[in-house]
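Note: hydrogens, waters and symmetry copies are ignored here, and every other heavy atom, side chains too, is used. Naming convention: chains lettered A, B, ... in sequence-line order (proteins, then strands); numbering from 1 in each chain.
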Protein chains: 2
Amino acid sequence: MASEQKILLEYLKSKNRKQSKQRTEILELFLKSPRHLTANELYIQVQKHNPAIGFATVYRTLKLLCESGLCREMALEDGVTRYERQQGYEHHDHLVCTKCGKVVEVVDQTIESHQGRLFKKYGFHPQRHRMELYGICKDCVKGEKAG
Amino acid sequence: MASEQKILLEYLKSKNRKQSKQRTEILELFLKSPRHLTANELYIQVQKHNPAIGFATVYRTLKLLCESGLCREMALEDGVTRYERQQGYEHHDHLVCTKCGKVVEVVDQTIESHQGRLFKKYGFHPQRHRMELYGICKDCVKGEKAG
DNA sequence: GATAATCTTGATAAAGATTATCAATTTCAA
DNA sequence: TTGAAATTGATAATCTTTATCAAGATTATC
Ligand SMILES: [Zn+2]
Ligand SMILES: [Zn+2]
Ligand SMILES: [Zn+2]
Ligand SMILES: [Zn+2]
């Protein structure tokens, strides 16, 4: 069994909650899916695999995965929540192409440390941050010039 | 007439669109309102001033103000779009208290320049960015310890 | 394995923010 | 003043996400 499944089971036990076939299946498909996918995108995958699973369960399971630390929510400009694997991934921010939707994960240590300085400067106890850079990727710039 | 009203009129003319009392009134109240307000918060102000104005018009006018450069949209984690005056304000990012909702506007030039480096590093033509820092402000930390 | 308490599920409704529709009204250039 | 075109307000529709709830699944206990 994948270590993520174990983490989920441990989490469920620790909270006196129950295992289910649906949860196992949804986690399995989540792990196989591309990063930064929406609940609906995952639901479509789940439907192909097992049409009996409803989308409320997909939503609920994604929330559960976030609670257990396996998943992280992320919101881009379109207002639709995306979900990405958290386990085994370091913190990162996102660079997004506004033409094709490509998402690149980025980290800049100087930015990270200056964010910490901003929290301190204004007397805030830091919790988290989000940073998104929006631009046009190389391929799409090329396309614009060509087309 | 406030220079913002002139800017709006100029913009409308340039796009062959028309002036209206509602637009003037909504802009006037928008300029008087606190920064980072939601469409609904502005609608409530508008209602007090002129109950005949519908909320669709408030939404439409906020979009118009954004087009004309007088206003900027900003989305926090709760999924509700906020609007803030753009004219006469430099670019800035936001530091948000997750307890009381206080919003502080911040700029760090080192962060800004490193964002530029990230765009370059990954071959993106830069358009814009958003950065939000979430934490607990001094007052709320104090409250937690006291209460 | 049976039992019972509790949790989870799927279908559906509901919520909440924003946008689309459309007839009536207003604006503005001619 | 006139008439084409834009705007308005009311309302419905959309879209994502959450709440509800009866029916079914899970788990600890015997
Ligand atoms: Zn691209
Ligand atoms: Zn990511
Ligand atoms: Zn606070
Ligand atoms: Zn601001």
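Distance B:Ile26 CD1 to D:dG9 C1': 11 Å, rounded to the nearest Å. A straight line from CG of B:Leu65 to P of D:dT7 spans 13 Å, rounded to a whole angstrom. We find that OH of A:Tyr43 is positioned 14 Å from P of C:dT9, with the value rounded to whole Å. The separation between A:Leu62 atom CG and D:dT17 atom P is 10 Å, rounded to whole Å. Note: CD1 (B:Ile53) to P (D:dT11) measures 17 Å, nearest angstrom. Nucleotide D:dT7 holds its C1' atom 15 Å from the CG atom of B:Asn50, rounded to whole Å. Taking atom CG on B:Leu64 and atom C1' on D:dT8, their separation rounds to 14 Å, with Å as the unit. Look at CD on A:Glu67: it is 14 Å from C1' on C:dC7, rounded to the nearest Å.
With sequence neighbours excluded, the residues that form a side chain to side chain contact (heavy atoms under 4.5 Å, CB included) with A:Ser33 are A:Leu37, A:Leu42, A:Gln45. Legend: residues meeting side chain to side chain contact (heavy atoms under 4.5 Å, CB included) with B:Ile7, ordered by chain and number and at least two apart, are B:Leu70, B:Gln87. Under the rule for a side chain to side chain contact (heavy atoms under 4.5 Å, CB included), the partners of B:Arg117 that lie at least two apart in sequence or sit in another chain are B:His114.
In DNA chain D, the stems built from three or more successive Watson-Crick or G-U pairs (distances below 3.5 Å) are C:1-30 with D:1-30.
Of the residues listed (B:His92, B:His94, B:His91), the one engaging B:His129 in a ring pair (Phe, Tyr, Trp, His ring centres under 6.0 Å) is B:His91, and it is the only one.
Expressed to the nearest 0.5 Å, how far CG of A:Leu8 lies from OG of A:Ser3 amounts to 11.5 Å. The structure places OH of A:Tyr134 at 10.0 Å from OG1 of A:Thr98, a figure rounded to the nearest 0.5 Å.
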Item to complete: Encode nucleotides 17-30 of chain C as B, S and - characters from 5' to 3', where the letter depends on protein heavy atoms closer than 4.0 Å: B to the base, S only to sugar-phosphate, - to neither.
Response: SBBBB-----BS--

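Side-chain heavy atoms closer than 4.5 Å link hydrophobic residues (I, L, V, M, F, W, Y) into clusters, and following such links, possibly through other members, connects A:Leu118 to A:Phe124.
Counting heavy atoms from C-beta on, the side chains of B:Leu64 and B:Leu27 never come closer than 4.5 Å.
For residues 29-54 of chain B, every residue pair satisfying the salt bridge (Lys or Arg N to Asp or Glu O under 4.0 Å) rule, not counting sequence neighbours, is listed here: B:Glu28-B:Lys32, B:Arg35-B:Glu84, B:Arg35-B:Glu105.
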